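Below: one structure, written as structure tokens.
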Amino acid sequence: MSNAKSLEQLEQKQDFIRRHIGPNAAQVSEMLAELGVSSVEELIGQTVPDSIRLETGLKIGESRTEVETLSYLKSVAGQNKVFKSYIGQGYHPTHVPNVILRNVLENPGWYTAYTPYQPEIAQGRLESLLNFQTLTMDVTGLDLASASLLDESTAAAEAMALAKRVAKAKKANIFFIADDVHTQTIDVVSTRAEQFGFEVVVAPASDVVNHEIFGALFQYPSTSGEVVDVTDLIAQVQDKKAIACVAADIMSLMLLKAPGKLGADVVLGSAQRFGVPMGYGGPHAAFFATRDKYKRSLPGRIIGVSKDRLGNDALRMAMQTREQHIRREKANSNICTAQVLLANMAAFYAVYHGPQGLKTIAQRINRFASILATGLKSKGVALKHDTWFDTITVVAEEADKNTVVGRAAANEVNFAINHVGEYSIALNETTTRADIAELFDIILGEGHGLDVAAIDAEVAANDITGIPVSLVRDDEILTHPNFNEYHSETEMLRYIKRLENKDLALNHSMISLGSCTMKLNATAEMIPVTWPEFAELHPFCPLEQAQGYQTMMTELHDWLVNITGYDAVSLQPNSGAQGEYAGLIAIRKYHESRGEGHRNVCLIPSSAHGTNPASAQMASMKVVVVGCDDQGNIDLDDLRAKAEEVSENLSCIMVTYPSTHGVYEETIREVCDVVHQHGGQVYMDGANMNAQVGVTSPGFIGSDVSHLNLHKTFCIPHGGGGPGVGPIGVKSHLAPFMPNHSIINVAGTTEGNGAVSAAPYGSAAILPISWAYIAMMGSEGLKQATEIAIVNANYLTAKLADHYPVLYRGRNDRVAHECIVDLRPLKEASGITEMDVAKRLMDYGFHAPTMSFPVAGTLMIEPTESESKVEIDRFIEAMISIREEIAKVESGEWSVENNPLVFAPHTQADVLGNEWERAYDRFYAAFPVPAVAKDKFWPTVTRIDDVYGDRNLICSCPAVETYAE
Ligand SMILES: *Cc1c(COP(=O)(O)O)cnc(C)c1O
């Protein structure tokens, strides 16, 4: 035989597969030897039940190279037509400051970080999120803000839910929405209201007095651009003991009075136009603010200021006890993954421009709007409103409207045209004088004789702004130094870098978070996200301008159908939890369509993720918990008994597979059968798809609907806590009930179905990441990824099992793609807790695995296929060394109060301080194993006091004086 390489090898066709998969062939062999098996196939045979193994391979095609993938995707992106967008309605073109584009959005130090549950190694993004909250509180005029929600429309739905919780009007069941609120918001809020059983009234704002309401929502400025003083409306709402909510435009708030100052109880909106590309609908962060007294009802995450062990200010996620991880079906909301990266971008945009710069941008936009309005009026064009900030609405006969819209299209310009008898032009940060001249040509036709400079002089001389005097903002905002000190690019660059350096992300070391699948986010996958052909499309542009997106999304759709074994997929949900919500709505509507709308019980195993019960509650389902046996499997007898008991009312089961106990339950098909026998549906939580792809599939196993977390299995980075995409896959009988959208009809869904996200395709701009991953892996690579994830997990388990008890195992003592290490016996013996271990891992340069989920007192470890044996061995070494430290506490060599575990993490100031009365030496504190010295990561604060932070909730940047101390 010749040794010559094949052409395929020379072309390195499968190069990407070996780059995505961490261990090389030799390392895989070593790990297999350690496990006592001779091949990957043998291990998979021991691990995955035969009854669920796919007989046929995936139909994704061959692995493509990075070059092929990017060049094909570029050609697809080229099918998009980037028209100038004046559509507005919550989405505006913006200039992303280049220093933010490259050093935040395109920087793995920012985009590969995890949600800041380990705050000592997340102070950078926590500070940025605190900036976002401070920005929110300043612009809204309220005293409590959260650290970003999914989009403006879902934030409005959350506001409705908050209103119901806190309003004194307990008997009222109506939520009022002014008819000049953005169309998509009315849609998303109505969907949510239907689930909760609330009535929604959409009517002119002044009609609010006539209804028995628990809350109301106004838009400020309205969707057609009117700037109305909502003070009286708010007072009318509050007279009814109801909650007044205002959806506001963040840029207009630079010039307009804060809605909080006009009396609003809740103010929310999108931060997109603060330097985040439109991206055909997302991802972007929503801001949300309310009164301090409603803090226990606030949805989503709040960043708060606390103290570390040495008394320094230190940031953390506050009031976790409101959230679904703790409160499950009693949680305020199901929101988990949010929009951290995008909130950070918006916060940096505010830091970059500062209060003066932002005001100037807003004034320029407003000036152009005033020139446009004044010019049009001088030509007798009928404007809908006398007031404006940036949006001018022209009243027109349909025929005239069509002429203008036709001329606009010929000039590659889009207006908002979805309201009959009018069209709107929303100006933005990118608008220029030349654009205004072009707009005159489009609207008036040639030969109108208007001169922009002349009108500008008139506007200036007469102080025309379109803003009522009573609504002009007269207070200072963004006075904090963070918004005033970084206005040269040098300072800005260093500020971004300084924060980045405080955070441990995947570009430093493995983040083995069980259930969260922190795998490689390859650079080639990320590159298309910022191509203008993808980044600069408005979500409501005509479909024929978005052909590139449609092509890419159709291909992704078909691949996901193949991978999941379902018949259809909706890409709309913005997170796993939103996918759960969308899937449960589909189930509910399906039962209703069969005259079985009474089915409302959702069975949930005790091991389920907190979002499952929280989502079930949002779909007004009654949660019944099913127990698990001591091997971690669903207790089939208990399931049978509970299903029997509720039989006629059984809606569905929500089951995670492989279970969050990290095993492939043998009985999963029986679980599905039992539920189906009682007329229920099976919702399979797809967060653990990384242990299924190519090996089995939810559809094949017998499930009816699942969400996928594209930000786990399919390589969208975690962004420090978002963005994500949570598409749902369904069997054909549920397909008619998938979400649609009231402005853009989503192909393959039923007309009239409500939306669960503001944009028809959710966070479309990050779908190319998953598309590229699947394309570059191909059928073979995807299956290999699953297999190596299982090899890595079993190797790690085998190595740790000599030192720590491993809680659950499946057949042949194997685990799936993750394992749970039980620290409770050690705590009993030594007093050292899972928290101490998590914090001590930081000193070794690692992020802790998932802590206390699904079992309190444990760590759930998921190495993923992307980590090489070398890195896994480093982690194992750290865990073993920590075990030896615990042994010294057990033996009494170190007291339980004075040892490196309870003092962890160690900062430079701590280790180098003048006082040192510890039972261990300084060098050992920081460099416990030699490998750490090569690349020491220093936490910047010592252990943070959670209780202090919750007792003294501060959720904006601390006052300057506190820095001076
Ligand atoms: C991550 C996760 C979810 C929630 O997904 P988000 O995208 O964070 O909303 C649900 N279930 C399980 C098992 C998960 O791991």
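Values in this document were obtained by computation on a predicted structure and should not be read as measured data. Counting convention: from 1, in listed order, for ligands and their atoms alike.
For the pair R588 and F737, the cation-pi test (distance below 6.0 Å, angle within 45°) is failed.
Under a 3.5 Å cut-off, the side chain of S757 and the backbone N or O of Q572 do form a donor-acceptor pair.
When heavy-atom distances to ligand 1 are checked against 4.0 Å, the residues falling inside are C336, T337, S515, S575, G576, A577, E580, H609, T611, D685, A687, N709, H711, K712, ordered by chain and number.
Residue pairs meeting the side chain to side chain donor-acceptor pair (under 3.5 Å) criterion with at least one member in residues 687-702, sequence neighbours excluded: K519-N690, N688-H817, N690-E865. The list of side chain to side chain donor-acceptor pair (under 3.5 Å) pairs with a residue in residues 616-627, not counting sequence neighbours, is empty.
Partners of E787 according to the side chain to side chain donor-acceptor pair (under 3.5 Å) rule, which considers only residues two or more places apart in sequence or in another chain, are K783.
Between Y683 and H707, the two ring planes are tilted [angle within 30° to 60°].
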